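FYI, the numbering just counts along the sequence from 1. Everything numeric here is computed off the predicted structure, so don't read it as measured data.
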Amino acid sequence: MSDTIPLIDLRMLAGETRAATVQAIREAAEQVGFFAVSHTGVHAVVVEGAFAAARHFFDLPAAYKEQWRYRDTALNHGWVSTGQESLDPTRPADRKESFTMRNVVHTSARDELWPDVPLRDAAFRLYREAQRLAERVLVALAEGLGLRSDEFLAAHTGENQTLRLLHYPFDARPLAAGELGAGAHTDYGSITLLWQDDAGGLEVLARDGQWLAVPPRPEAVIVNIGDLMQRWTNDRLRSTLHRVQPRTDGRDRYSIAFFCDPDDAAEIAVVPTCVAPGEAPRYAPITAGEHIRAKLKATY
């Protein structure tokens with residue numbers, strides 16, 4: 001395995017290079033579960049606007065942010081303070097805060113759910129562009145597995161697609177044993193898109209058991225496979241453990257994740273091209289809602 005995750009230029013999904021690029025995406029999803037994509041079609045000004053809105057919100061006093069506290073896993077919206085979330089329940093709580101927004105243009109569209117209009121508008125713009133990018137990746141994965149191009153799309157109408165602003169603050173307090181910015185975990189759904197600043201800290205568990213640093217690339221978006229996609233593909237695509245180191249160098253880290261998860265009622269049944277002749281699927285069908293709710297309850 002190389003010392004970093006693959007970088008794939010999405011311009012190569014056009015014309016004669018499409019088949020080779022689809023294959024590269026599938027192989028990265030199989031072998032690593034993580035890859036970076038460039039020339040995504042997501043406008044830099046939209047991403048910059050979302051980061052600016054995130055920094056403004058996280059800089060506000062905790063007493064103000066408390067009004068927007070995350071309290072309901074069904075709504076899956078609001079501010080999560082440092083110490084509220086444990087992505088690895090066997091370790092101390094994560095040293096990060098976040099603002100989570102599920103189905104931004106519908107479920108989370110109500111004015112009373114937002115601290116301010118600029119944050120809502122910045123989230124709305126990035127959410128829409130992230131949806132389009134996620135659809136391109138889902139189509140490429142389907143084609144790479146020998147399925148119809150739209151095999152995965154119908155299950156992802158936005159009901160469980162979530163945008164999350166993340167802040168990993170520098171904290172001079174000594175770290176507790178095993179304390180991290182984000183504990184080792186896999187993501188719950190189909191795929192995740194991640195924009196990160198230049199602070200670094202993201203690590204992926206390689207097949208050899210070593211933690212591999214994922215350096216920031218300003219021109220790229222990180223993509224990783226989630227648990228439901230691994231189940232959907234009978235373990236062919238890999239949902240990989242990853243974590244974020246805590247901030248100890250005097251500066252904060254900001255990132256933005258888009259979780260592209262299937263609708264509650266979507267049945268996740270192993271696709272036929274991922275079952276060898278004469279073998280049975282490794283997983284029974286399950287609805288996405290059952291799986292995601294169980295994961296969220298464990299996390300909070």
Any idea which heavy atoms bring [X] and [Y] closest together, and the distance?
X	Y	result
Ile8	Phe35	CD1-CD1, 4.0 Å
His39	Leu10	O-CB, 3.6 Å
Tyr168	Ser255	CE1-OG, 3.9 Å
Leu126	Ala50	CD2-CB, 3.7 Å
Met101	Leu165	CE-CG, 3.7 Å
Phe99	Pro115	CZ-CD, 3.9 Å

Assess the side chains of [X] and [Y]: does a donor N or O sit below 3.5 Å from an acceptor N or O?
X	Y	answer
Arg128	Gln131	yes
Thr100	Arg164	yes
Tyr283	Asp235	yes

For the backbone of [Y] and the side chain of [X], can you confirm whether one donor and one acceptor N or O come within less than 3.5 Å of each other?
X	Y	value
Asp197	Arg253	no
Thr21	Met12	yes
Arg95	Gly181	no
Asn234	Val275	no
Arg102	Glu159	yes
Asp94	Gly183	yes
Asp252	Phe170	yes
Asp187	Gly189	no
Glu151	Ala142	no

Run the ring-ring contact (aromatic ring centres under 6.0 Å, His included) test against [X] and tell me which residues pass, sequence neighbours left out.
X	answer
Phe34	His242
Tyr254	His167
Tyr127	Phe258

Quiz prompt | Working for salt bridge (charged side-chain N to carboxylate O under 4.0 Å, His left out), residues Asp249 and Arg251 | solution = CA-CA 6 Å; Asp249 63 354; Arg251 60 176 301 195; 5.1 Å; no
Do you reckon [X] sits in the same ILVMFWY cluster as [Y], going by side-chain contacts under 4.5 Å, direct or chained?
X	Y	answer
Ile191	Val270	no
Trp211	Leu175	no
Leu237	Leu153	yes
Val22	Leu141	yes
Tyr64	Val117	no

Quiz item: Considering residues at least two apart in sequence or located in another chain, which fulfil the side-chain hydrogen bond (donor to acceptor under 3.5 Å, both in side chains) criterion with Trp79?
Solution: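 Applying side-chain hydrogen bond (donor to acceptor under 3.5 Å, both in side chains) to Trp79 gives Glu97.
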Separation between [atom1] of [X] and [atom2] of [Y], rounded to the nearest 0.5 Å:
X	Y	atom1	atom2	result
Leu147	Leu138	CG	CG	11.5 Å
Gln196	Ile256	CD	CD1	11.5 Å
Phe124	Glu129	CZ	CD	11.0 Å
Leu228	Phe152	CG	CZ	11.5 Å
Gln31	Thr240	CD	OG1	11.0 Å
Glu219	Thr40	CD	OG1	10.0 Å

Heavy-atom side-chain proximity of [X] to [Y] below 4.5 angstrom:
X	Y	answer
Glu30	Ile225	no
Leu193	Val42	no
Met229	Ser239	no
Val37	Arg136	no
Asn76	Ile292	no
Leu202	Leu194	yes
Pro246	Asp171	no
Gln245	Leu180	yes

Practice problem: Could you tell me how the ring of Trp114 sits relative to the ring of His77: parallel (under 30°), tilted (30 to 60°) or perpendicular (over 60°)? | Solution: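 Correct class here is perpendicular.
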Pairing of [X] and [Y] as salt bridge, 4.0 angstrom limit:
X	Y	result
Glu290	Arg231	no
Arg71	Glu66	yes
Glu135	Arg132	no

Exercise. Could you check Ile222, Asn224, Val244 and say which one makes a side chain to side chain contact (heavy atoms under 4.5 Å, CB included) with Val214?
Key: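 Per the side chain to side chain contact (heavy atoms under 4.5 Å, CB included) rule, the option paired with Val214 is Ile222, out of Ile222, Asn224, Val244.
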Practice problem: May I ask you to check whether over 12 heavy atoms, not counting those of Gln67, lie within 6.0 Å of atom CD? | Solution: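 Yes.
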Practice problem: Check the surroundings of atom CZ in Arg236: do more than 12 heavy atoms from other residues, nucleotides or ligands lie under 6.0 Å from it? | Solution: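 Yes, enclosed.
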Quiz prompt | Contacts of type salt bridge (charged side-chain N to carboxylate O under 4.0 Å, His left out), residue Arg120, not counting sequence neighbours | solution =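 Arg120 satisfies salt bridge (charged side-chain N to carboxylate O under 4.0 Å, His left out) with Asp111 once adjacent residues are dropped.
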Practice problem: Could you give me the CA-CA distance, side-chain angles and deciding distance for Ile25 and Val223, then say whether side chain to side chain contact (heavy atoms under 4.5 Å, CB included) is met? | Solution: CA-CA 10 Å; Ile25 290 172; Val223 182; over 6 Å; no
Exercise. Before giving the answer on side-chain hydrogen bond (donor to acceptor under 3.5 Å, both in side chains), spell out for Ser86 and Arg91 the whole-Å C-alpha distance, their side-chain angles and the decisive distance to 0.1 Å.
Key: CA-CA 7 Å; Ser86 297; Arg91 301 277 185 162; over 6 Å; no
Quiz item: Which pairs, with at least one residue in residues 256-265 and sequence neighbours excluded, count as a salt bridge (charged side-chain N to carboxylate O under 4.0 Å, His left out)?
Solution: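 Every pair satisfying salt bridge (charged side-chain N to carboxylate O under 4.0 Å, His left out) with a residue in residues 256-265: Asp264-Arg293.
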